[in-house]
Every structure is written in structure tokens, then in C-alpha cells.
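Convention: sequence-line order gives letters A, B, ...; per-chain numbering from 1.
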Amino acid sequence: ETGVTQSPTHLIKTRGQQVTLRCSSQSGHNTVSWYQQALGQGPQFIFQYYREEENGRGNFPPRFSGLQFPNYSSELNVNALELDDSALYLCASSLSGDHTGELFFGEGSRLTVL
Amino acid sequence: QKEVEQNSGPLSVPEGAIASLNCTYSDRGSQSFFWYRQYSGKSPELIMSIYSNGDKEDGRFTAQLNKASQYVSLLIRDSQPSDSATYLCAVRLYGQNFVFGPGTRLSVLP
């Protein structure tokens with residue numbers, strides 16, 4: 001286990017709804033990244049948070065937003081859900097400045113949009 | 001567009017054989033390279049990291065990096081059925097933005 005926890009593990013929404021996914025980072029890690037993994041594909045970088053600020057963003061529209069809290073936990077919010085948002089959402093924590101740059105993933109939140 | 005490419009597979013090898021997984025990347029500025037294993041329905045698990053040209057061995061796993069050819073590979077010796085999974089190649093760019101390949105599905109046949 002990596003010590004990164006995510007909730008909920010599974011959820012079902014309908015098109016147009018909004019969803020919030022949560023992540024607690026590994027103890028001592030101050031950086032959280034979010035990835036989207038569609039079935040049969042590799043994880044795609046959504047954004048990264050460091051010291052409560054967005055610190056890098058992938059090719060995702062503004063309806064994907066996030067927060068990081070003082071305890072380094074994080075939320076991913078997706079508005080106006082679309083069918084293509086159905087995927088496994090992975091949270092990964094890391095220690096900024098750690099030259100190894102390793103990412104430690106949580107178990108993921110599987111979102112189904114109907 | 002920064003890309004990481006892998007053969008999607010499936011790659012099938014008999015138990016006890018060597019499995020060879022390959023990955024190419026497009027950005028010459030890439031600094032760090034990782035192999036993650038992902039079992040079906042689970043999250044990726046880091047198995048190897050490599051930062052300089054050459055080979056790095058850890059148990060049955062060997063990672064090989066050739067920056068001139070923009071190529072990284074993973075060898076799994078004495079493959080076991082429990083090695084059957086999808087193997088993701090990941091490349092770390094400036095900062096900590098990782099780019100993942102699509103993964104290669106490995107099947108080790110008993």
C-alpha cells in the first residue's frame with residue numbers, strides 16, 4: 001500500500017451532473033497529481049497541486065478543477081459531466097523536490113457517466 | 001506533443017521465459033523513466049525507475065535506458081503467471097509532469 005487514499009471507490013452519475021473526488025496524500029508528501037485513465041489507455045495528466053496552488057495542467061477543459069488543502073489532501077471536481085468522462089481517476093502523491101520524482105498512486109475512483 | 005509509445009500487446013510468453021517490454025519517447029529533455037505494473041481493475045504500482053544510460057537490475061527485473069535512441073525497456077526474467085498485467089512506461093519531464101504510454105499487456109502462460 002502507498003498510503004494514498006481515495007474516495008469514493010466507485011460512483012455512477014448522469015450526464016450534466018457534477019462530481020467531487022477526494023484524495024489524501026501519503027504522509028510527508030506535499031504534492032498531489034490527478035490522472036484520468038480511460039479503459040485500455042494509459043493515465044492522462046489532469047493537473048498537479050503544490051502548496052495549495054495548481055502547478056501544472058494537462059489538456060483538460062476548465063470544467064475539471066481542483067483544490068488542495070493545508071493538510072495536502074486534494075479534491076477533483078468535474079462539472080457538466082459527459083459520457084467520455086467515464087474513467088478511473090487516479091490521485092498520486094509525491095514529494096516536491098525529490099529528485100527521484102516517483103509517483104505513488106491511490107486505488108482510484110471509478111466514475112461511470114450514464 | 002510529448003509522446004510515449006508502447007506496443008499494446010498482448011505479449012504472451014511461457015512461464016520461465018524472459019519477457020521484453022519496449023518503450024520509446026519523443027522529448028529529448030526527459031529526465032527520469034519509470035515502469036509501472038497495473039493489474040486489471042487496480043492502480044499502477046511502481047516497479048522500476050532509471051535515470052541514466054545503461055542497465056539497472058532489481059531482482060528479476062532489468063530496466064535499460066538509451067537516451068540517444070530515446071528508448072527504454074524492461075526485461076522480466078523467469079516470468080511467472082503472477083507477472084501477467086499491463087506494464088506502463090512513464091517519462092518525467094521538467095517539474096513533475098509524468099507522461100504515460102498506453103501500456104503493454106503481458107500474459108505469462110503456465
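- Between Tyr36(B) and Leu103(A), some side-chain heavy-atom pair lies under the 4.5 Å cut-off.
- Applying a 4.5 Å heavy-atom cutoff, the residues of residues 101-110 of chain B that approach chain A are Gly101(B), Pro102(B).
- Considering CD of Gln37(A) and CG of Leu88(B), their distance stands at 6.0 Å, rounded to 0.5 Å.
- For residues 60-84 of chain A, heavy-atom neighbours of chain B at less than 4.5 Å comprise no residues at all.
- The parts of Glu107(A) that come within reach of chain B are both its backbone and its side chain, each placing non-hydrogen atoms under 4.5 angstrom from that chain.
- Taken together through direct or relayed side-chain contacts under 4.5 Å among Ile, Leu, Val, Met, Phe, Trp and Tyr, Tyr49(A) and Leu21(A) form part of one hydrophobic cluster.
- Hydrophobic clustering places Met48(B) together with Val91(B) (ILVMFWY residues linked when any side-chain heavy atoms are closer than 4.5 Å, directly or through intermediates).
- Contacts of Glu45(B) with chain A are absent, with no heavy-atom separation under 4.5 Å from either backbone or side chain.
- Within a 6.0 Å radius of CG in Leu39(A), other residues, nucleotides and ligands contribute 12 heavy atoms or fewer.
- Applying the salt bridge (charged side-chain N to carboxylate O under 4.0 Å, His left out) rule to Arg60(B) yields the partners Asp83(B); only residues at least two apart in sequence or on another chain are considered.
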Sequence neighbours excluded and cut-off under 3.5 Å, please list the side-chain donor-acceptor pairs for residues 6-13 of chain A, or say none.
unit_1  : atom_1 : unit_2    : atom_2 : d
Gln6(A) : OE1    : Cys91(A)  : N      : 3.0
Gln6(A) : OE1    : Gly108(A) : N      : 2.9
Gln6(A) : NE2    : Tyr89(A)  : O      : 3.0

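- Interface summary for chain B: among Gly58(A), Pro43(A), Ala92(A), Gly42(A), the most heavy-atom pairs under 4.5 angstrom belong to Pro43(A).
- The two residues Lys42(B) and Leu88(A) make their nearest non-hydrogen contact at O-CD2, 4.2 Å.
- Residues Tyr50(A) and Val4(A) do not share a hydrophobic cluster, defined by chaining ILVMFWY side chains whose heavy atoms lie under 4.5 Å apart.
- Under the 4.5 Å side-chain heavy-atom criterion for Ile, Leu, Val, Met, Phe, Trp and Tyr, Trp34(A) and Phe104(A) are members of distinct hydrophobic clusters.
- Under the 4.5 Å side-chain heavy-atom criterion for ILVMFWY residues, no single connected hydrophobic cluster contains both Leu11(B) and Leu75(B).
- Note that OG of Ser8(B) is 11.5 Å distant from CD of Gln41(A), once rounded to the nearest 0.5 Å.
- Smallest separation of non-hydrogen atoms from Phe98(B) and Phe45(A): O-CB, 4.1 Å.
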